[in-house]
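Just so it is clear, the structure is predicted and the values come from calculations on it, not from any experiment. Residue numbers begin at 1 in each chain, while the letters A, B, ... track the order of the sequences.
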Amino acid sequence: MADDKKLTPRAEDFSAWYNEVVLRAELADYSPVRGCMVIRPEGYGIWERMQRALDDMFKATGHRNAYFPLFIPESFLQKEAEHVEGFAPEVAVVTHGGGRKLEEPLVIRPTSETIIYAMFAKWVQSYRDLPLLYNQWANVVRWEMRTRLFLRTMEFLWQEGHTAHATHEEAKEETLRMLGVYRDFMEGWMAMPVVTGRKSDSERFAGALRTYSCEAMMQDNRALQAGTSHDLGQNFSRAFDLKFQSEEGTEEYAWNTSWGVSTRLIGALVMTHGDDIGLRTPPLLAPTELVIVPIYRKDEERDRVLQAARGIVDRLAEWDRRNPARLRVHLDAREGIKPGAKYYEWELRGVPLRLEVGPRDLEQNQGVLVRRDTREKRAVSLDSLGEEVAEVLQLMQADMLEAARERREANSVRGPISYDQFRELMAGAGAFVYAGWCGSAACEAEVKAETKATIRCLPDEEFRSAETPTHCLRCGGPSTDEALWARAY
RNA sequence: CGGGGCGUAGCGUAGUCCGGUAGCGCGCCUGCUUUGGGAGCAGGAGGUCGCCGGUUCGAAUCCGGCCGCCCCGACCA
């Protein structure tokens, strides 16, 4: 960094900027173990708020939490052919325990389908036992070659939903319902717009019939897969003998779904909303929504201002008890640090609102309220502060989503595009390109080899272009699906 | 695992070519003065120069080996 105090600008080096924000906002730090990370309180606080919101949404759609073990017998993984093939290369295996070699090695879960459906098989006999709607909050391990803070680490935190149903119809509904829940969360809580759709076969989850995903655009115009929902068909129920007796008395295999989002979402949040000053946290996910910075010169002023600031905290707490907004307020009463230094620090951390309170303000029974997203300053009366703050926070939440949506649309390309134009675009600024696809894996692979871009998804109807593409982006043959092409993380 | 780069204080680095007292900025500690957008002054703490070995009177610097990290590829939430 040329200037120790400033971040590398996004336009100069997006990756460097991202790392600096994560480290300096104290979201996370590198661990002594290669590829692993420590999530620090600032980052974990965001994760806790994500967890709370998602968990409520899962419960509201009928799911219950459970916990399955970290260790899985190696043989379990072998039972579903595609699943082993997909995960074997990145699985960590425990071969020794208690000073002895294990008879059967244990894999550390890279995902829990196998052990969960093995257990489901024990618990399900009749159609009356279905559906089973489970979720678990857990850590998983995947032996990644190249890692990046939050986006790809060898161990990460996530939730994985696993369900079993009597009919494929019901399982399909569940798969799409949870994709919708993710979308609602990402847009409503993270203020991050996503494109939903189905994955192509080559991007499908190992062992799934169909995979659906939420794809978000980061500020470098690359795509980030933010969440996936899988229709597993009967692949795992057959592998683990998850059968039930139907109403008609016949023996049937259950239909499964699984779906997950991870701490990667914190990385998505940074890359969606961060600016050259630091993080910008959407109010609903901010561990602290409002920071109060007292301003004073002399000792006499300090006592007066701090007392008033504490009064404001109390009044907001009181206001909070009467209103559902649940304001999270912090008073920065540290001495010996100038107000300006505090501003920079809280802006780096992404706290949505700041209230400056000094002697001049108190004379007029007001404070200066500053928005982190627009940095707009406004004097507000201390009498109506609760209402004012709640209102601005709500507005910010909406504005941030809208700003992110506008940015995404400004960097999306629709309509006829030549392959040369496409290559140029992918080599340069990047974009979400909606274009035709002939359905062949070969074309998809060639595009990837030539441009590093992949099919992020075959977008759901509402995201498709008004004019359906007629030709494949790569081969020019007849298009069977409109695809969203982009370089991805 | 293939190609490239780098390991010097908590962080960022100079010094390495050409061997000779290990320096700077930020941060940290103490004191005083400051405090409406990153404070100033004074004093101070902190280093087996990644590790092991060799050459030499003498190695951060030269030589050999090893380890680790970063970037680019193949793999991925």
A:Tyr212 ring center near A:His230 ring center (under 6.0 Å):
no
I want to know whether A:His83 and A:Phe236 have ring centres closer than 6.0 Å.
yes
No-H, no-angle donor-acceptor pair, A:Lys377 side chain to B:G37 base, under 3.5 Å
yes
B:G36 base to A:Glu301 side chain: any donor-acceptor pair below 3.5 Å?
no
Using the P atom as the point on both nucleotides, what is the distance between B:C49 and B:G23, in whole Å?
13 Å
Quantified in whole Å, what is the C1' atom distance between nucleotide B:G15 and nucleotide B:G20?
14 Å
Test side-chain contact (heavy atoms from CB on, under 4.5 Å) applied to A:Val447 and A:Lys452, A:Arg423, A:Arg474, A:Met426, the passing residue:
A:Arg474
Please classify the nucleic acid contact of A:Arg302 as base, sugar-phosphate, or nothing, using heavy-atom distances under 4.0 Å.
nothing
Please classify the nucleic acid contact of A:Arg334 as base, sugar-phosphate, or nothing, using heavy-atom distances under 4.0 Å.
nothing
Ion pair A:Asp56/A:Arg52, N-O distance below 4.0 Å
no
So, A:Tyr343 and B:G37: ring centres less than 5.5 Å apart, planes less than 30° off, yes or no?
no
What do you reckon, do A:Tyr344 and the base of B:G37 stack, with centroid distance below 5.5 Å and planes below 30°?
no
Would you list the protein and nucleotides 39-42 of chain B atom pairs, both N or O, that sit under 3.5 Å from each other?
none

Extract from the structure each pairing of a protein N or O with an N or O of nucleotides 3-10 of chain B at less than 3.5 Å, listing the distance.
none

Strand partner of B:G53, provided both Watson-Crick or wobble distances fall under 3.5 Å
B:C63
Are any non-hydrogen side-chain atoms of A:Pro110 and A:Val140 less than 4.5 angstrom apart?
no
Given that A:Thr147 and A:Ala226 both sit by RNA chain B, which one's nearest nucleotide is further toward the 5' end?
A:Thr147
Between atom CD in A:Glu155 and atom P in B:A77, what is the gap in whole Å?
17 Å
To the nearest angstrom, the CZ-P distance between A:Phe150 and B:A77 comes to 19 Å
Between A:Phe76 and A:Phe240, how do the two ring planes meet: parallel, tilted or perpendicular, split at 30° and 60°?
tilted
For residues A:Ser381 and A:Gln366, is any side-chain donor paired with an opposing acceptor at under 3.5 Å?
no
